[in-house]
Amino acid sequence: MSVRIAIIGAGIMGADHARIVSGDLPGASLHVVCDASAERARTVADDFGAADFATDPLQTIRRSDIDAVLIASPDETHAPLSVAAIEAGKPVLCEKPLSQNSRECLKVIEAEVSRGRQFVQLGFMRRFDPSYREMKAALADGSLGRATMMHNFHRNVEAPANFTGQMAITNSAPHEFDVARFVLDADYTAISVFQPAGVDASKTGAPVFMVLETDKGQLVNIEINNNAAYGYDVRGELVGEKGSIVLNNPVHTRHNGRLMAFERYAPDWRPRFAEAYRLQNKAFLDFVRTGVFPAIASDCWDGYCATLVAEAGVEALMTGRRIGIDRTDMPSLYNRQ
């Protein structure tokens, strides 16, 4: 039987997920689209053939004709809606962040632990991106030797209004926090954050440069520049004692003309990570069907770790100090060994 999925949130991400569920996931049915705006919910439902639309997320989660929930609503709703889905016994694919407050992340973890199983797959989709997976495989097979450093940068065309340097840490950087932790199979112990001279952290699009230390002695640096102007650009290099491996962006064409050869950048993240989203959602569907949590997917513990790093990063930015990162003990539910 088809897995009946409800999508909560009909904005850019919700609509993208609706397209994937309706067109790229055989065995899944886009059953309900829910949004605070009835008009927006109806539009996305109609565009992608959903059976129904709604405006109340809690009622949608509790519907008997819903098997699983995909949360793409505003960030502050992620944790409470995830808890509601856990209480209803419904598997969840929740867009990042689980919460921007680490204590709230722990409440979701407590809800899962009390049920004795995992329900929430978190939307750190870069773990499914083929380039990052090849990077992790190169480290695992020993060809790079011991990892020493990982370099990352994340650039956008233009920051939204009021998107500050602090928000670059809490909203943009968590993807890098998670995927570097995934590739290195390490946890962070400290973070330092820098900005170019004369940059005001409270201004829109203020760039940040972070240096993280891991419990395996590696260094990870992350540049976030949300006003890069030229295009959406994510790059990374993993450096080992025997060599390095560099991410390649998937580029389908090169243009020639006027004595130039050039490639175009995408305007946002969706073309770059389209395959990662598809593979992530496919893994979620398998999770709903089998009850077996996907081996490489992010879970609530990973979400807590990313939020903890973001909180420490904001403190490091505001104080100019290196900030240590201390985690609570990980519940055995999340032990993948």
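Note that the numbering runs from 1 along the sequence shown for the chain. These values consider heavy atoms only, across backbone and side chains, with no hydrogens, waters or symmetry-generated copies.
Atom CG of Asn225 sits about 9.5 Å away from atom CZ of Phe153, to the nearest 0.5 Å. One distance of note links OG1 of Thr170 with CD of Gln100; it measures 4.5 Å at 0.5 Å rounding. Here the straight-line distance linking atom CD1 of Ile20 with atom CG of Leu285 works out to 12.5 Å at 0.5 Å rounding. Separation of atoms CD1 (Ile169) and CD (Glu176) is listed at 12.5 Å; rounding is to 0.5 Å. The line from CZ of Arg4 to CG of Leu30 is 13.0 Å long, rounded to the nearest 0.5 Å. To the nearest 0.5 angstrom, Leu81 atom CG is 5.0 Å from Ile61 atom CD1.
When side chains are defined from C-beta on, Met330 does not count as touching Tyr304, because their heavy atoms never get closer than 4.5 Å. Contact of the Asp187 side chain with the Arg181 side chain is registered, since non-hydrogen atoms from C-beta on lie closer than 4.5 Å. Using a 4.5 Å cut-off on side-chain heavy atoms (C-beta onward), His154 and Tyr232 make contact. Taking 4.5 Å as the limit, some side-chain heavy atom of Asn226 sits within range of a side-chain heavy atom of Ser172. When side chains are defined from C-beta on, His78 does not count as touching Glu104, because their heavy atoms never get closer than 4.5 Å. In this structure, Tyr132 and Val234 have side chains that are in contact, with non-hydrogen atoms separated by less than 4.5 Å. Between Pro174 and Pro97, the closest side-chain pair of non-hydrogen atoms is not below 4.5 Å.
At distances below 3.5 Å, at least one donor-acceptor pair connects side-chain atoms of Tyr188 with backbone N or O atoms of Phe177. Put simply, the side chain of Thr214 gets close to the backbone of Gln218: a donor and an acceptor are under 3.5 Å apart. When atom types are taken as modelled, the side chain of Ser114 and the backbone of Ala111 share a donor-acceptor pair closer than 3.5 angstrom. Listed for the Lys216 side chain is a donor-acceptor partner under 3.5 Å among the backbone atoms of Asp185. Under the 3.5 Å distance criterion, the side-chain polar atoms of Gln195 are matched with a main-chain donor or acceptor of Pro207. Using a distance-only test at 3.5 Å, with no hydrogens or angles considered, a donor-acceptor pair links the side chain of Asn227 to the main chain of Ala159. Without hydrogens or angle criteria, His31 side chain to Asp52 main chain gives no donor-acceptor distance under 3.5 Å. Between the side chain of Arg336 and the main chain of Ala295, a donor-acceptor pair closer than 3.5 Å is present. For Ser99 (side chain) and Ala79 (main-chain N/O), no donor-acceptor pair under 3.5 Å exists by modelled atom type. Checking side-chain atoms of Thr148 against main-chain N and O of Val239 turns up a donor-acceptor pair under 3.5 Å.
Contact between Phe124 and Ala306 at its shortest, heavy atoms only, is CZ-CB, 3.8 Å. Shortest non-hydrogen contact noted between Ser29 and Val21 is C-CG1, 4.2 Å. Across every non-hydrogen atom of Ile224 and Ala168, the tightest pair is CG2-CB, 3.7 Å. The nearest pair of heavy atoms linking Ala54 to Thr60 is CB-OG1, 3.5 Å. Shortest non-hydrogen contact noted between Ser2 and Ala28 is OG-C, 3.3 Å. For the residue pair Arg322 and Ser192, the shortest heavy atom distance occurs at CB-OG, 3.5 Å.
A side-chain donor-acceptor contact under 3.5 Å links Arg155 and Tyr230. No side-chain donor-acceptor contact under 3.5 Å links Ser37 and Glu39. Side-chain polar atoms of Ser143 and Asp141 form a donor-acceptor pair below 3.5 angstrom. Between the side chains of Ser131 and Arg272, at least one donor N or O lies within less than 3.5 Å of an accepting N or O.
When Glu110, Gln118, Glu112 are each tested for a side-chain contact (heavy atoms from CB on, under 4.5 Å) with Cys300, only one passes: Glu112. With respect to Asp178, the side chain to side chain donor-acceptor pair (under 3.5 Å) criterion is satisfied by exactly one of Arg127, Arg126, Lys96: Arg127.
With salt bridges taken as basic N to acidic carboxylate O contacts below 4.0 Å, none links Arg42 and Asp46. Salt-bridge annotation for Glu87 and Arg62: absent, with no side-chain N of the basic residue lying under 4.0 Å from a carboxylate O of the acidic one. Salt-bridge check for Arg278 with Asp24: failed, with every basic side-chain N at 4.0 Å or more from each acidic carboxylate O.
Within 6.0 Å of CZ on Arg103 lie no more than 12 heavy atoms contributed by other residues, nucleotides or ligands. More than 12 heavy atoms of other residues, nucleotides or ligands sit less than 6.0 Å from atom CG of Asn335. Applying the 6.0 Å contact sphere to CG of Asp326 captures no more than 12 heavy atoms from other residues, nucleotides or ligands. Other residues, nucleotides and ligands place more than 12 heavy atoms under 6.0 Å from the CD atom of Glu76.
When hydrophobic clusters are built by joining Ile, Leu, Val, Met, Phe, Trp and Tyr residues whose side-chain heavy atoms come closer than 4.5 Å, directly or via intermediates, Ile12 is grouped together with Val44.
Between Tyr277 and His17, the ring planes are perpendicular. Angles over 60° get that label, and only those under 30° would be called parallel. Classified by interplanar angle (parallel below 30°, tilted 30° to 60°, perpendicular above 60°), the ring pair Tyr334/Trp301 is parallel.
Here the two rings, on Phe293 and Phe287, have centers that are under 6.0 Å apart.
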